[in-house]
Amino acid sequence: MTDQSKALPQLPLTQEIIEQHGLSEEEYQQILKHLGREPNLTELGIFSVMWSEHCSYKSSRVHLKRFPTEGERVVQGPGENAGAVDIGDGFAAVFKMESHNHPSFIEPFQGAATGVGGILRDIFTMGARPIALLNSLRFGELDLPQNQHLFKGVVSGISSYGNCMGVPTVGGEIAFNDIYSKNPLVNVFCLGIVKKDRLLRGLAKGAGNQVLYIGAKTGRDGIHGATMASDSFDDASEKKRPNVQVGDPFLEKLLLEACLEFLEQDLLVGIQDMGAAGLTSSSCEMASRAGTGIEMDVAKVPRREPQMTPYEVLLSESQERMLLVAQPGKEEAVLAICRKWGIDAAVVGQVTGDGLLRVKEGNKVVAEIPAHALAEEGPRYERPAAPPQYQEFLQSLNLDALPDVKDPAEVLLKLLGSPTIASKRWVFRQYDHMVGTNTVVCPGSDAAVVRIKGTTKALAMTTDGNSRYCLLNPYLGGGLAVAEAARNLVCAGAQPIGVTDCLNFGNPERPDVMWQFIMAVEGIADACRTLEIPVVSGNVSFYNETNGLSIYPTPILGMVGLIERQEAITTQWFKHPGDRIFLLGETKEDLGGTEYLKVIHAREQGSPPWLDLDLEKNLHSCLLTLIRNELVESAHDCSEGGLLVTLAESCVTHPSAPFGANVIISQQRLRLDSLLFGESPSRVLVSIRPQHVDQVLETVQHAGVPITLLGEVTQGNMDVTVQGPHEHPVCQVSLPLSDMADQWHHSLARQLGVEQA
Amino acid sequence: MKVKIFVTLKNGILDPQGRAIQQSLQTLGFSTVEEVRIGKFMELDLNETNTASAENKIKSMCEKLLANTVIEDYRYEILET
Amino acid sequence: MKVKIFVTLKNGILDPQGRAIQQSLQTLGFSTVEEVRIGKFMELDLNETNTASAENKIKSMCEKLLANTVIEDYRYEILET
Amino acid sequence: MNIGIIVFPGSNCDRDCAHVFSEVMGQASHLIWHQDTSVKGMDAIILPGGFSYGDYLRTGSIARFSPIMDAVAEFAGRGGMVLGICNGFQILLEAGLLPGVMLRNRALSFICEDAYVRVENADTPFTNQCKPGQVLRLPIAHADGNYFTDPVTLSALQANAQIVFRYCDRDGHVTSQANPNGSLDNIAGIRNSAGNVLGLMPHPERGAESVLHNEDGVTLFRSMLSALEKNKIRQPV
Ligand SMILES: Nc1ncnc2c1ncn2[C@@H]1O[C@H](COP(=O)(O)OP(=O)(O)O)[C@@H](O)[C@H]1O
Ligand SMILES: [Mg+2]
């Protein structure tokens, strides 16, 4: 302790105040140990945010260690603002995913907008120029006006922020289920590109270096946002409303350009954005990573509101702010760039060698805490975990009690109109997905593809997760999400090279939720390990629970794949009449947890499909070989809705010209609904030019991947015949393309009661 | 009856538009402009005659649709005609 | 001094936002809402004491920047403080 | 040729335009900061798309006061070629270099998709490589593209062949169904009466490379270069 410590105001901290800060008795004892004295109120506030679930990962850290995080291409694994992988030509791709669930429930537009703002800062903080955004959303069913309101608000918030920034939103996914009515999920993914040797990190290296604050002025917004994100919702949460943060995408655009200029002129030692817990987390994390301390004066922080206390300045979550560390002598150049872009900036302190976060207001020390204790030595919990009692009931499904499908055409149309499956054009039409002139495959195919200017390369990206599978079997659900994400990339012609995750779960203090979490993490880890895809960044969002009801376990994966040559990119839609349609992989009796069961039989039950990771891996390498040899015209993975929906999508999703198909499926021994709507993984529907068929068959059979000829692309209807033994027709589906297209294209807008041009 | 509704941001809520406009007014030489706050202004024609019942409706419209009460306040004036 | 500025669309200019809001109010059951016109409402803090000179500045700000006089009208109120 | 691309705070298609002119068209492109006051040495000026000043008051309304805009106006006054794309078009309107205003899109939301436009006047420095009536597929991305002007101005635009592009369907029919934003008379782009200033909402720079599956936008840039080539002798310096 320094002499000034005597100046620390010593307010008596009552039990009540400590509880209000969300700290347990045990945690408070740890604080006393770290400090060797009682904290003052400001210090208590600092500990409270830094040791919140959101910032400290106290319930998840021990489990996240299971993820494979290493690989040849990994330049930066978890622990920094974002992960980075080598994509060759001297470049690295920097990416990460973040949740903004609670703020989006309180104020959907601003909550989602500031979520986009936050993830963008995580990327350009690393010195990378963001080139793509994706988002993964969950809402309650659209028959409730409240859910429509949340959905519309979130979409326009994402669109307003991303469009203004000039970063294209190139993809994402959306699912609807009433479990999300009072707890929607908004996960946003961003990817940027940086010269590999210019990657910046959040390090406050070098005692004596200057600490600068740049960006928006600090206001009272979002004080204790991090603790809020670490708390469940109940109706009393309404009171927390005035804490809403408003995004300023214009300012963030200026901040982005300024930060990239610092990088170009090599002005910085380290940089970090002020996200959750604002100035506090950025300063102590930067110091802790570098093993240094930071001393700063809150009186020098630019402010928007009068009479803010140090407590408020330190904990504010005002958006669009960054903390920089620069060598003495370089700060003038930094300030000049800020002036050029019209951004507020101030030198607020310096790096010290004593390992302390020391905060002053003028000459008075108002807080003094070891940085490492705040950032790294927070509590860790191995919370009790046990499967819920209802787990067995969920997984049981007596198929014999379910009548098999009578009219597959009618079921198909219903599924195509289910908002989870129907086209999301109403959404992505509001997103500028072309700015940057890199988007080679726009939203509407399995994965988005963005070319890398100055190289022959492109990156494919996707976000995936199926929470129903995870509810029924979290281990399998986690693995299936990894497999589907990878398969989507491979369908575009990309080799998966890295993944980020956003783990959305309920209250970790409940053993069943903790069990779901642990199982899902294991499922993801095992799948990533087998498929050799390192996890380089991620985010955990717990306490997704309202009035005691937790959401389904919802891990979302954001995966990135590399395409070496822009010529070898494939999309999901049929392209020429006469092309042969094949199914790679096998259809099994996999009805558990399907969209079919939910939409047609109103059941969310059964065991999700079994995943054979070796088969999956084999399928990927085989399909990649075919695509790289330019033998595949279209490739579409079978996921929600099964084979018939996949076929219909390949028919009608072409941006300008739909095609029909003439297909014969032989019945084998499956139920008809399993055959047509079951969701067996590791399957891809491809179309092949007739002259390539022989070569394709040879490659596929050589690889040991099952392949079945289904039929050919036509200019007529979608005709499907199911044949029993001896070519005996079991059933026939013949649907005009216009009926399917109308259902698929317009259902979402119709459910929202909006017109779509 | 004609109604005027004013929707403004709550105190303490960031107003990026106001800030941008204030700065550009400064650049244009209006150096005495110290702060700008932006709000919405709506004029409604209501087919109502009873002021009390109209007021109830107006409040309810504001709460439900016209103002985002999480971040905005509203105020109204009824002009009898 | 505090100034309130109202910017509204000129008569006869189509107001897509106003129309959309009127329609959603109708859908919400507010059937007596016959027309909605949307405008902007700005509050300025001016460091001025002389009303006449302030008025000149306000007019000039409106003409130059705050309103597009091709389609918009403006009106202002000065609140002495 | 030297192509000057103005960078306003919030411009975000500036680098896209520079890429097309340098990498696709093989010209020299120069990013010009909005605080600069000269466009000397430029053969043509582009006002790129984006959200200048966040579009926080009205689109383009703040950008038009940027110091560089005097130089742009003077350049245009001397007959120099000025192309405003999307936000650039909106800035030209606010600056009075083109007549009219932009209202919110009819459906009030941002729209990003491919649109079809018909070349209504192929005798301009921006369209001389097009056939009259040719249909181009060009991406649009805007929330305020609903062009509006008074009846007198509209008649003048029509009478002087100042309407250069109109939204149409794939087959070139100008219908209200093919109008994505409610724009008056399906207007997608207009020129000034002298013919050297063009504003359009679609983004030709997003349709200028085969890897993006669209090269229709190249016709505009080729037209500009060909016009510059021809005028080189007459071009003011
Ligand atoms: N929120 C969204 N934002 C942008 N694009 C989206 C969004 N949701 C879905 N899409 C796009 O719609 C297409 C279909 O999505 P989805 O059905 O989830 O594909 P898949 O089942 O192959 O993962 C994809 O191209 C996806 O990127
Ligand atoms: Mg897919």
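- Only the side chain of Thr8(B) comes within less than 4.5 Å of a heavy atom of chain C; its backbone N, CA, C and O stay farther away.
- Interface remark: Leu66(B) contributes side-chain atoms only to the contact with chain C (heavy atom separation under 4.5 Å).
- The candidate with the highest count of non-hydrogen atom pairs below 4.5 Å against chain B, out of Gln17(C), Gln22(C), Met61(C), Lys40(C), is Met61(C).
- With salt bridges taken as basic N to acidic carboxylate O contacts below 4.0 Å, one links Lys57(B) and Glu48(B).
- A heavy-atom distance below 4.5 Å is found between the side chains of Ile58(B) and Ile78(B).
- For chain C, the option among Thr32(B), Val3(B), Leu25(B) with the highest count of heavy-atom pairs below 4.5 Å is Thr32(B).
- The part of Leu65(B) that comes within reach of chain C is its side chain, from C-beta onward, which places non-hydrogen atoms under 4.5 angstrom from that chain.
- For the side-chain contact (heavy atoms from CB on, under 4.5 Å) with Ile21(C), the lone residue among Val33(C), Ile38(C), Asp15(C) that qualifies is Ile38(C).
- Without hydrogens or angle criteria, Arg37(C) side chain to Lys10(C) main chain gives a donor-acceptor distance under 3.5 Å.
- The closest side-chain heavy-atom distance from Val7(C) to Met42(C) is below 4.5 Å.
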